[in-house]
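Remarks on the structure that follows.
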There are 2 protein chains.
Amino acid sequence: MPTDTTSPGAVPGSRALAHPAREEIRLAGVLHALADPMRLRVVCRLAAAEGELNCADIELPVSKSTCTHHFRVLREHGVIEQFYRGTAKMNRLRTADLETLFPGLIDGVLRAADLQACRLGEE
Amino acid sequence: MPTDTTSPGAVPGSRALAHPAREEIRLAGVLHALADPMRLRVVCRLAAAEGELNCADIELPVSKSTCTHHFRVLREHGVIEQFYRGTAKMNRLRTADLETLFPGLIDGVLRAADLQACRLGEE
DNA sequence: GCCGTAGTACGGTGGTTATCGTACGAGCGC
DNA sequence: GCGCTCGTACGATAACCACCGTACTACGGC
């Protein structure tokens, strides 16, 4: 059932990554993926960047392997899309899919995250 | 730091339940609380009821003790408010608090849950 | 071909969670 | 008081999760 696509932007010949198809994305899964401060931060950065971002560009205060883990959770629950470009792994929010399935949800979460960051002395 | 209140509507003499104060509620906690199908269902029911609901009125396909557990998670993360009335335990969404902290968030989640329920041949 | 950089895979650890069953406590009605 | 209903507390279990380190693979440049 997992549908993988060699995403547009991926260099041909790169290994493919499994992504859930749009109709396989579940609300509970998305909420679970967002319910972790580390992952929430990733999503905020991606949203702010409005495009694709290298894994390494989003510095997290955890080890490389934990980092890989969080990105995988986000991908497997349909929140982000990942593909390889050379040695780098690029990440992009699945804005269109999420907006179609759950209109306004991600925006709401991002706004809430911003508000909370302000309330608690930034960061 | 946990602030408990004998909620308005509680019968005096009832045991009190600990609730987080508004400023203690965290986005990640709320998302975590919502990231479970069982709890999501509870929240939807409460929202539809637009008022307080008995624990037993929200039938869940799990045992009584598991039920207690889920309600506690929702309360401890600031999503619902609970108080005793006689032998019954009443539940109410903390709509005002959540709307102040994260405007639009709960509505977004509820709308998303509705849409998904429709998409997957209802419930 | 060799090296560096980016990320993965694997195995492990400690903590949390969802679930249950059984035994108990608190009010209500008779 | 007695029994009913509603919910709790406790103990157990199995699954899962966040995190780590180490060993590995893939690609690009020299």
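Since the model is a prediction, treat every value here as computed from it, not as a measurement. Order of the sequence lines sets the chain letters (A, B, ...), proteins ahead of strands, with each chain counted from 1.
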Search all heavy atoms of B:Leu115 against all heavy atoms of A:Pro103 and return the closest pair with its distance.
-> CD1-CD, 3.4 Å

Closest heavy-atom contact between B:Val79 and B:Leu93?
-> O-CD2, 3.6 Å

What is the distance from [atom1] of [X] to [atom2] of [N], rounded to the nearest Å?
X	N	atom1	atom2	answer
B:Phe71	C:dT19	CZ	P	13 Å
B:Gln82	D:dT8	CD	C1'	12 Å
A:Lys64	D:dA23	NZ	C1'	11 Å
A:Arg75	C:dG7	CZ	C1'	12 Å
B:Leu60	D:dG7	CG	P	11 Å
B:Asp57	D:dG7	CG	C1'	13 Å
A:Asp36	C:dT16	CG	C1'	13 Å
B:Leu34	C:dA18	CG	C1'	17 Å

Report yes if at least one side-chain N or O of [X] is closer than 4.0 Å to OP1 or OP2 of [N]; otherwise report no.
X	N	result
B:His69	C:dC20	no
B:Arg39	C:dA18	yes
B:Asn54	D:dT5	no
B:His32	C:dT16	no
B:Thr68	D:dT8	yes
B:Tyr84	D:dC6	no
A:Ser63	D:dC20	yes

Which of the following nucleotides, [options], is nearest to the side chain of [X]?
X	options	result
A:Ser65	D:dG21, C:dC20, C:dT17	D:dG21
A:Arg72	D:dG7, C:dA6, C:dA9	C:dA9
B:Val62	D:dA18, D:dA9, C:dT19	C:dT19

Can you find a heavy atom in the side chain of A:His19 that is under 4.5 Å from one in the side chain of A:Gln82?
-> yes

What do the steps show when you test B:Glu81 against B:Arg92 for salt bridge (charged side-chain N to carboxylate O under 4.0 Å, His left out), and what is the final call?
-> CA-CA 5 Å; B:Glu81 179 188 2; B:Arg92 194 192 296 143; 3.2 Å; yes

Kindly indicate whether the side chain of B:Lys89 and the base of D:dG7 share any N or O donor-acceptor pair separated by less than 3.5 Å?
-> no

Test item: A:Glu99 side-chain N/O and A:Gly104 main-chain N/O as donor-acceptor pair under 3.5 Å = yes

